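Here is the structure we will look at, set down as structure tokens.
This is a predicted model, so every value here is computed, not measured. To find a chain, count down the sequence lines: A is the first, B the second, and so on, and within it residues start at 1.
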Amino acid sequence: MQPNYLPSTIEQQAQQHWDSRQAFKAAESGDKPKYYCLSMFPYPSGKLHMGHVRNYTIGDVLSRYHRMKGFEVMQPMGWDAFGLPAENAAMANNVPPAAWTYSNIEYMKQQLKALGLGIDWSREVKTCTPEYYRWEQWLFTRLFEKGVIYKKTAVVNWDPVDNTVLANEQVIDGRGWRSGAVVEKRDIPMYFFRITQYADELLSGLDQLDGWPEQVKTMQANWIGKSFGVRFAFEVAAAGDNAAISHQLPATELLWVYTTRADTIMGVTFVAVAAEHPLATRAAQNNPALAAFIEECKQGGVAEADIATMEKKGMDTGIKVTHPLTGEQVPVWVGNYVLMGYGEGAVMAVPAHDERDFGFAKKYNLPIKQSIQVAGETFSTDAWAEWYGDKEQGVCVNSGKYDGLSYDQAIDAIAADLAAKDLGEKKVQFRLRDWGISRQRYWGCPIPIIHCPSCGDVAVPDDQLPVVLPEDVVPDGAGSPLAKMPSFYECSCPKCGGAARRETDTMDTFVESSWYYARYASPQCDTGMVDKAAAQRWLPVDQYIGGIEHAILHLLYARFFHKLMRDEGLVPGDEPFKNLLTQGMVIAPTFYRDEPNGKKLWINPAEVDVATDERGRPTGAVLKADGQPVVIGGTEKMSKSKNNGVDPQAIIDEFGADTARLFMMFAAPPDQSLEWSDAGVEGAFRFLKRVWKAVSDHVEQGVVAAYSGGELSAAAKALRFQLHQTIAKVDDDLGRRKTFNTAIAANMELLNALVKFNEVASRNVVQEALEAIVLMLTPIVPHMSQALWSELRPGSDLLDQSFPKADPAALVQDEIELVIQINGKLRGSLRVSKDADKATIEQLALAHEAVQKQLAGGTAKKVVVVPGRLINVVI
RNA sequence: GCCCGAGUGGUGAAAUUGGUAGACACAACGGACUUAAAAUCCGUCGGGGGGAAACCUCCGUACCGGUUCGAUUCCGGUCUCGGGCACCA
């Protein structure tokens, strides 16, 4: 046997062997239970980054583990190939997005293969191919005809210089990233998926998802945001205070608002409407200052984080409305924080009991009127106090007939009174908004709609699908290229045959990634979106793995799509992903130098030497090239902007894929962030060399049959005890807990014990242990395991092996160790027979010298015995 | 601003159901081997106090408080960092 561990040779051999056996092709039938393991597919950005390596290694470990547990595993891979970066790259390099994307896919596919992933490549899917997106277009036309897709206007970021719509990411500090122009909000027509129609099901469905992290389910539930409130109206009188604009108002007009705090309705002192609200628009007609303010509100982007953090500004419209219960006249203000596309585009304002309203009222000297009280507290309009917003303990005050009522009682009474006047009712509302999918971009799936002057919006008929996206286009950053291509948009109406114009918007790329998991079941199917039998066989996905950043949008859209496809009779079940593992980020240290122009020059960690003091604490860092100091920055997510990425290819080339995989799995549990460490990689490599040497040393003396019974020395018995304890733990860690780091640690401990064990008479136990270590490590370092197994069991193929089973007989112990605590602090230990009863244990513990010493002749107040663990003596 | 997480030695982490805090590694330091270096192997390694030593003892899981015989774990509050916020994927 080769005494040295040579990763490049054995990895190449192992991969060739797997290929020749077509080892990872998933069978469409058979007796084995199926296990569909899916990692979120990559965007083909150019080359793999460490986040990909981590994601796909986790998926591969789980896939290979389940294969060894007797499952028919399907692990597919594909490409989320449409998207904005391809257009940016195209403009930078003058290459069509399609060419750029396809060449990235080719390169990244080679990298994935070098990692030794057990992928069924025959199922590969690229979302930018007509074979894929034609079915997306097909579903679109079905949903359009069912009314699940509809058209309305929505507000977008508009760059007035480049005359183009910008993504939120392209708006920096309220300005377009290329033009630098102040961005404006602009209304444009778009197609929407009626996801709100499924809001209740998307919410209640979370309860079935036992295999999802609580954290993700909570985030989705909050995002859907089901609230129980009251929708009610203020009357806009066309007289009195509003005389100046009365000519524009109908006799009675209603201003509707929605609130979850109707119990505070008697504290309303004004109403705030969005800048785009019709009432504001009309009030501005004779009010230049208000018109200017409304114009100002249009500046800036549409991202909610920006709107929520900007300075709250407002202006009085001069309009007064009538409070539906008190009859009081309250002013209507325009507020820049009120969103038109949200609820009614208008909110009641209760400064006394809403923190945002409180701040607004203080700023503009609007009245603050207390209407709830918490016992023992004192209300003051000087400063906000937390209890002002307390709906659990608050009761109504200064509220006439509602005084003394609790939140629930007040809502019931107030809703009833509003209903009696026909001015309101209880209403369930969702925070979730319908999903706008129109994008004014080129590199995406064309929306299959034809605009006919006489028939309106007509869905493209099945026999004319797919609407093919031309692939030889280079965008210029100013509007959609498709809208400038008559060859694309000129067409005839499928209904009347008259001249018509094809829709030139493309779909949100989240649409492609919402159903790819289903397409993998039958990726070549050309008679439908999915083959029903294949969907029955493989769905749902048993294990889905991806970044936590997808906790809400992608995962919610995919759940929604599954329900849409279910309602079309395409897929079984209500949910697409049975188990979900959200992996943490890969982070690395950052280094920089301050440049004369005030900017920071980020330096890659590979170019830096870090000096440490005698305790190992970093004291400074210098650039290798010039020996001059650099500044040590924070440890952050690997990114191009901070230049702290480590190229996975370099690690594979230097140490091999197994070392890269082992380090990634060992350095942190999968759901936590993982800090990159070159030294840690070397540590992983060292461990593999130790495993290799242990097997090599053993094999050189001749392989033997593994231990299968008979008398053993005490040391051999102890080793077998540890071995089978480790098997049980690793099985649990890989299968149930998915904590690969502790599974690896347990194998390291076992190897440490094994190399110390030196009984020539017990080589069969060593053989048993080495075989088990190789099998347990197989999911993590498959190449090395493949090579070692053929040395330990000549003529046998690791691909056909099962995961080892713990031998119960090896785990039987006569004596166990119990810990003795005094007042909860460790003071000693005790060995007792495994079936000693509580009374015996208590007696032995009290007689223990440490306890006697502490008792100093006194007696114990209390003794707690936890069987199998400890005794706590309270004195 | 809102929603969701996280915080444990010099570092990454472990402690699975409230039961021995720091497993397993990395770094550092000391030693062996070597002409030397690399590699490898052995040892020390949270902090304070006591002891020649075996060892004893107090403190310690971001911070403040609570529940409990016992809290890294549960509860209330605070701080810091990270993810998401609907057109990045």
Side-chain angles (χ1 to χ4, degrees), chain A residues 40 42-43 45 80 83-85 156-157 165-171 213-216 218-223 225 301-310 312 337 355-356 431-441 508-510 513 547-554 556-557 582 584-585 587 612-618 634 636-637 666-669 671-684 686-687 689-690 693 729 732-733 736-737 739 741-742 744-749 752 817-821 823-827 829 861-864 866 869-870 872-874:
Chain A
M40 288 182 187
Y43 177 78
S45 54
D80 187 15
L84 202 51
V156 294
N157 303 307
V165 176
L166 297 179
N168 284 337
E169 184 190 56
Q170 298 170 316
V171 178
E214 273 319 305
Q215 172 195 7
V216 174
T218 307
M219 279 193 265
Q220 291 216 349
N222 290 340
W223 183 264
V302 298
E304 192 188 308
D306 295 334
I307 291 166
T309 49
M310 73 188 174
K312 310 286 176 288
Y337 59 90
E355 192 169 4
R356 190 178 61 184
R431 206 188 77 97
L432 181 69
R433 314 198 293 257
D434 277 338
W435 176 16
I437 53 107
S438 297
R439 297 291 179 269
Q440 300 67 48
R441 292 191 223 299
D508 181 359
T509 56
F510 271 127
S513 56
I548 183 69
E549 66 271 21
H550 296 294
I552 296 174
L553 293 178
H554 163 62
L556 189 66
Y557 292 148
T582 52
M585 294 175 308
I587 57 179
T612 56
D613 65 12
E614 71 281 1
R615 308 231 30 179
R617 278 177 280 235
E636 300 189 47
K637 178 176 177 170
F666 179 60
D671 54 353
Q672 271 179 43
S673 63
L674 178 149
E675 187 178 329
W676 185 261
S677 150
D678 288 332
V681 174
E682 283 172 42
R686 211 173 299 157
F687 172 67
K689 283 195 286 190
R690 272 163 58 80
K693 184 166 186 300
K729 177 181 171 52
D732 189 44
D733 282 354
R736 180 183 62 90
R737 297 180 68 207
T739 52
N741 55 331
T742 52
I744 294 164
N747 273 295
M748 287 174 167
E749 286 182 75
N752 289 343
E817 184 163 302
L818 295 179
V819 160
I820 299 178
Q821 291 183 340
N823 291 340
K825 282 184 182 166
L826 175 69
R827 283 293 182 271
S829 67
K861 209 190 270 178
K862 187 175 174 182
V863 181
V864 180
V866 183
R869 277 203 186 268
L870 56 72
N872 188 17
V873 183
V874 186

With a 3.5 Å cut-off and no angle check, do the side chains of Arg690(A) and Asn752(A) form a donor-acceptor pair?
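Yes, because at least one side-chain N or O of Arg690(A) sits under 3.5 Å from a partner of the opposite role on Asn752(A).
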Exercise: do Ser513(A) and Asp80(A) side chains pair donor with acceptor under 3.5 Å:
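Distance-only check fails for Ser513(A) and Asp80(A).
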From NZ (Lys637(A)) to CD (Glu549(A)), nearest 0.5 Å
5.0 Å
Integer angstrom distance from the [atom1] of [N] to that of [M]:
{"N": "C3(B)", "M": "A13(B)", "atom1": "C1'", "answer": "29 Å"}
{"N": "U8(B)", "M": "U80(B)", "atom1": "C1'", "answer": "16 Å"}
{"N": "G82(B)", "M": "C69(B)", "atom1": "C1'", "answer": "38 Å"}
{"N": "G7(B)", "M": "A39(B)", "atom1": "C1'", "answer": "38 Å"}
{"N": "A54(B)", "M": "C63(B)", "atom1": "C1'", "answer": "39 Å"}
{"N": "U78(B)", "M": "C85(B)", "atom1": "C1'", "answer": "25 Å"}
{"N": "G49(B)", "M": "A36(B)", "atom1": "P", "answer": "39 Å"}

Among the nucleotides [options], which one has an atom lying closest to any side-chain atom of [X]?
{"X": "Thr309(A)", "options": "A14(B), A23(B), G1(B)", "answer": "G1(B)"}
{"X": "Arg737(A)", "options": "A15(B), C41(B), A27(B)", "answer": "A15(B)"}
{"X": "Arg827(A)", "options": "A89(B), C69(B), U57(B)", "answer": "U57(B)"}
{"X": "Asn872(A)", "options": "A89(B), A15(B), G70(B)", "answer": "G70(B)"}
{"X": "Glu169(A)", "options": "C24(B), C88(B), C3(B)", "answer": "C88(B)"}
{"X": "Asp80(A)", "options": "C69(B), A89(B), A86(B)", "answer": "A89(B)"}
{"X": "Glu675(A)", "options": "G19(B), G12(B), C41(B)", "answer": "G12(B)"}
{"X": "Phe666(A)", "options": "A39(B), G12(B), A13(B)", "answer": "G12(B)"}
{"X": "Val864(A)", "options": "G19(B), A13(B), A25(B)", "answer": "G19(B)"}
{"X": "Pro669(A)", "options": "A14(B), C3(B), A89(B)", "answer": "A14(B)"}

Name the pairs: protein N/O against N/O of nucleotides 65-68 of chain B, kept only if under 3.5 Å.
none

Decide, for G82(B), between syn and anti: a glycosidic angle within 90° of 0 counts as syn, anything else as anti.
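Anti, angle beyond 90° from zero.
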Identify each atom pair where a protein N or O and an N or O of nucleotides 74-85 of chain B are less than 3.5 Å apart, giving names and distance.
| from | atom 1 | to | atom 2 | distance (Å) |
| --- | --- | --- | --- | --- |
| C85(B) | O2' | Glu304(A) | OE1 | 3.4 |

